[in-house]
There are 2 protein chains.
Amino acid sequence: MTLHDLAKELNLSIATISRALSRPEDVAPLTRQRVLAAVHRHGYTPNGTTRSLRTQQTRTIGVVVSDIRNAFFAAVVKAIEDEARANGYTVLICNADEDSAKEEAALQLLLDRKVSGVINCSTGANLDLLHTFQKSGAVLVDFDRESGLKNLDTVVVDNRRGAELATEHLVDLGHRDIATVAGPQHLSNARGRLIGFQDTLRKHNIQVKKSFVQYGNFRQESGYQAAQKLHSLRQPPTALFVANVEMAAGVIAFVRDKGVTIPQEISIVSFDDSFWARYMDPPLTVVAQPVETMGKCTMELLLARLRGGKPAQTKVFMPELIVRRSTCSPARSPR
Amino acid sequence: MTLHDLAKELNLSIATISRALSRPEDVAPLTRQRVLAAVHRHGYTPNGTTRSLRTQQTRTIGVVVSDIRNAFFAAVVKAIEDEARANGYTVLICNADEDSAKEEAALQLLLDRKVSGVINCSTGANLDLLHTFQKSGAVLVDFDRESGLKNLDTVVVDNRRGAELATEHLVDLGHRDIATVAGPQHLSNARGRLIGFQDTLRKHNIQVKKSFVQYGNFRQESGYQAAQKLHSLRQPPTALFVANVEMAAGVIAFVRDKGVTIPQEISIVSFDDSFWARYMDPPLTVVAQPVETMGKCTMELLLARLRGGKPAQTKVFMPELIVRRSTCSPARSPR
DNA sequence: TTGTAAGCGTTATCAA
DNA sequence: TTGATAACGCTTACAA
């Protein structure tokens, strides 16, 4: 069913039908009614794809998210979509699975669909594709990680500050043997979290042992493996800062397998909160990001940019330490 | 940058450019090279939206999901997207937030985008819109809930069986005062879970008290409230079957607030597993659905349908009871 | 091997 | 108030 069919049926021109639907006031009331009735009768819906061709704007925003199963991104996606829909935009969600090849495929898809803008949780690869976007006139926003490109809006949490908050908390409790499970260092957020951790230790004149820095990939299993390595050390840490909550779950799985008690034998603080962190055993001490606010802000920035004017800005949100029960002072050390 | 621009630059016709890209073998090697070079130089990407107009197929599948922040749906979406992309299809994800008005908006959007197919986690409302889809020739699949429409593929878990498994488990442990936090009864899955619960009790000659059936909306807070009501009863239950894990979290929040211990004072078994259920305090006994398999199967069914042939089928997956530590035999009752 | 031209379903301009 | 028509960017007969 197209405008054409409708026109034939009603003995009107397609122009009139189109007008009856998009600018009702430009059409005679009676005509409008006839059109509306027919539209309803047939369940006709204009082809939005075609409209885009004609109007040269898709009103679609692409979102490339690192891992849709990660609660953090799921929440962000929801916030983004709500804000977009409220403004008449559609969101095309792509899952990159923290994999630069999948990211490339996703960006290619968005390029193909001629999206008006892209919110990207960049792996740091695919800079050329991002560049192509910019050249094509699409608006780009970096979210959660910085791609390294210039002249684009950026929404991130203060990763260094978050790591400081977490590490400072552990130091305050009296820990000196503090390790970290860091994220992959090609990601700007993971780098920030590691630097914040190291700086805080140095500030307190605590040596940063190389063996106390383990690297994961932000996934659960890598947390498990990191914990394993840390555990096998001659002198294991008494406290642990984990760069995200998925890896923290992995750490906890390992620790539990070994029968080590949290927090008595090992204190754990993790980056990222999620609704279930407080139901865990024990409830997890975390550094929380203002997820909803960040998601909303990202879309607002993007829309503002689309409307023109505003130069690119970087918004840095403050994380917050939420102390629950996975951290406590270390047991008296024998040394 | 369009075919036209490229054609002008290379002194070729747009047809040749188009061919060089879509059927390389139909074009002289040298010409092809020149075209490819120019394409690369300009970062040109064909307009997929326009191609759809011409070829009359969008190769896009819409997915209307009840709540993207729910781990179950996040996992499903990932499985669906992977399978779709592997087959050259794009997925348009819409979040209905368990709200029929949002569902309507989502369906309308998908109608507008002329998607080839829709995977719908129906609220049960919007039957007329779904009907419009069918009339338009799009392929529909019901997932997780049945819309009530005929002649469409359906992928669900055996909800009754799952509830039986859970309830049977509680009965086996010796419980007689068993309550449930049921889901909203306009959803077929929630109905199935309630029926399975009731039937199992009856089978064991246990009376199903009306006050022992509380209704929630599949969200956390409603679990909290239901627990509150159950707790205020003159004779509260010793065991609880909760219809999904989000509500279970709410129940646990309440129970913990009250200082009631799980499982000693109250046993809890929930529908749905999620990776963190085993890290909870205590680890949650659940009825798990084979999420990835179900997601993949849904897309396979849809694609098969799109390729024609196959009549509509209903796939019912078997849930599995995973006993962890939130259930145990009831304490000796004083009565 | 390449070019010409029609047509996909809209919107928008101009005339009637 | 309505209609005829061009244009959006692409694919694909068909012709050269």
Side-chain angles (χ1 to χ4, degrees), chain A residues 1-36 38-39 42-60 88 90 109 111-116 136-138, chain B residues 1-36 38-39 42-60 88 90 108-116 136-138:
Chain A
M1 179 65 43
T2 70
L3 281 188
H4 194 82
D5 302 327
L6 244 26
K8 193 138 58 172
E9 174 170 331
L10 297 178
N11 237 303
L12 287 166
S13 74
I14 56 168
T16 304
I17 317 268
S18 175
R19 266 189 301 252
L21 293 170
S22 48
R23 348 161 77 77
E25 66 282 6
D26 280 13
V27 112
L30 187 73
T31 317
R32 184 168 71 231
Q33 294 211 342
R34 285 179 59 216
V35 172
L36 258 32
V39 162
H42 290 102
Y44 164 80
T45 312
N47 187 328
T49 284
T50 307
R51 178 189 301 122
S52 294
L53 169 61
R54 180 61 239 235
T55 60
Q56 297 291 87
Q57 51 166 335
T58 56
R59 295 187 78 81
T60 300
T90 304
L109 169 76
L111 223 32
D112 173 279
R113 296 307 187 93
K114 304 293 177 210
V115 295
S116 317
S136 82
Chain B
M1 177 65 44
T2 71
L3 280 188
H4 193 83
D5 302 327
L6 244 27
K8 192 139 59 175
E9 174 171 329
L10 298 178
N11 239 302
L12 288 166
S13 75
I14 58 169
T16 303
I17 317 272
S18 174
R19 268 189 299 252
L21 293 170
S22 49
R23 344 160 81 75
E25 66 283 8
D26 281 13
V27 111
L30 187 73
T31 317
R32 184 168 72 232
Q33 294 212 341
R34 283 179 61 215
V35 172
L36 259 32
V39 162
H42 290 102
Y44 165 79
T45 314
N47 187 330
T49 285
T50 306
R51 176 189 302 123
S52 295
L53 169 61
R54 180 60 239 236
T55 60
Q56 295 294 84
Q57 53 166 331
T58 56
R59 295 187 78 83
T60 301
T90 305
Q108 199 66 63
L109 169 77
L110 297 179
L111 224 31
D112 173 280
R113 296 308 186 93
K114 304 292 177 214
V115 294
S116 317
S136 82

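Protein chains get the first letters and strands the later ones, always in sequence-line order, with residue 1 at the start of each. As the structure is a computational prediction, the values presented were derived from the model and not from experiment.
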Taking only side-chain N and O atoms of [X], does any of them lie within less than 4.0 angstrom of OP1 or OP2 on [N]?
X: A:Thr31; N: D:dT2; answer: yes
X: B:Arg54; N: C:dA6; answer: no
X: B:Ser13; N: C:dG3; answer: yes
X: A:Tyr44; N: C:dT10; answer: yes
X: B:Ser18; N: D:dT11; answer: yes
X: B:Thr50; N: D:dC8; answer: no

Describe the nucleic acid contact of A:Arg32 in one word from base, sugar-phosphate, nothing, applying a heavy-atom distance below 4.0 Å. nothing
Reckon B:Ala15 touches a base, only the sugar-phosphate, or nothing at all at heavy-atom distances under 4.0 Å? base
Under the 3.5 angstrom rule, does the side chain of A:Ser18 hit a backbone N or O of A:Ile14 as a donor-acceptor pair? no
Out of curiosity, A:Arg113 CZ to A:Thr49 OG1, how far, rounded to the nearest 0.5 Å? 7.5 Å
Distance, nearest 0.5 Å, that separates CG of A:Leu6 from CG of A:Leu21: 7.5 Å
Against the side chain of B:Pro46, the closest entry in D:dC10, D:dG9, D:dT1 is D:dC10
Let's see if you can work this out: which of C:dG3, C:dG9, D:dT2 has an atom nearest to the side-chain heavy atoms of B:Thr16? C:dG3
Scan side-chain atoms only and decide if A:Thr31 and A:Arg19 contain a donor-acceptor pair under the 3.5 Å cut-off. no
Would you please say whether a donor-acceptor pair under 3.5 Å links the side chains of B:Ser22 and B:Arg51? no
Taking [atom1] from [X] and [atom2] from [N], how many angstroms apart are they, rounded to a whole number?
X: B:Ile14; N: C:dA5; atom1: CD1; atom2: P; result: 11 Å
X: A:Arg51; N: C:dC8; atom1: CZ; atom2: C1'; result: 16 Å
X: B:Asp26; N: D:dT11; atom1: CG; atom2: C1'; result: 13 Å
X: B:Arg113; N: C:dT10; atom1: CZ; atom2: P; result: 14 Å
X: A:Gln57; N: D:dG9; atom1: CD; atom2: P; result: 14 Å
X: A:Leu3; N: D:dT2; atom1: CG; atom2: C1'; result: 15 Å
X: A:Gln56; N: C:dT10; atom1: CD; atom2: C1'; result: 12 Å
X: A:Arg19; N: D:dA4; atom1: CZ; atom2: P; result: 11 Å

Between A:Thr45 and B:Glu25, whichever has its closest DNA chain C nucleotide further toward 5' is B:Glu25
With DNA chain D as reference, determine whether B:Arg23 or B:Leu53 sits nearer its 5' end, using the nearest nucleotide of each. B:Leu53
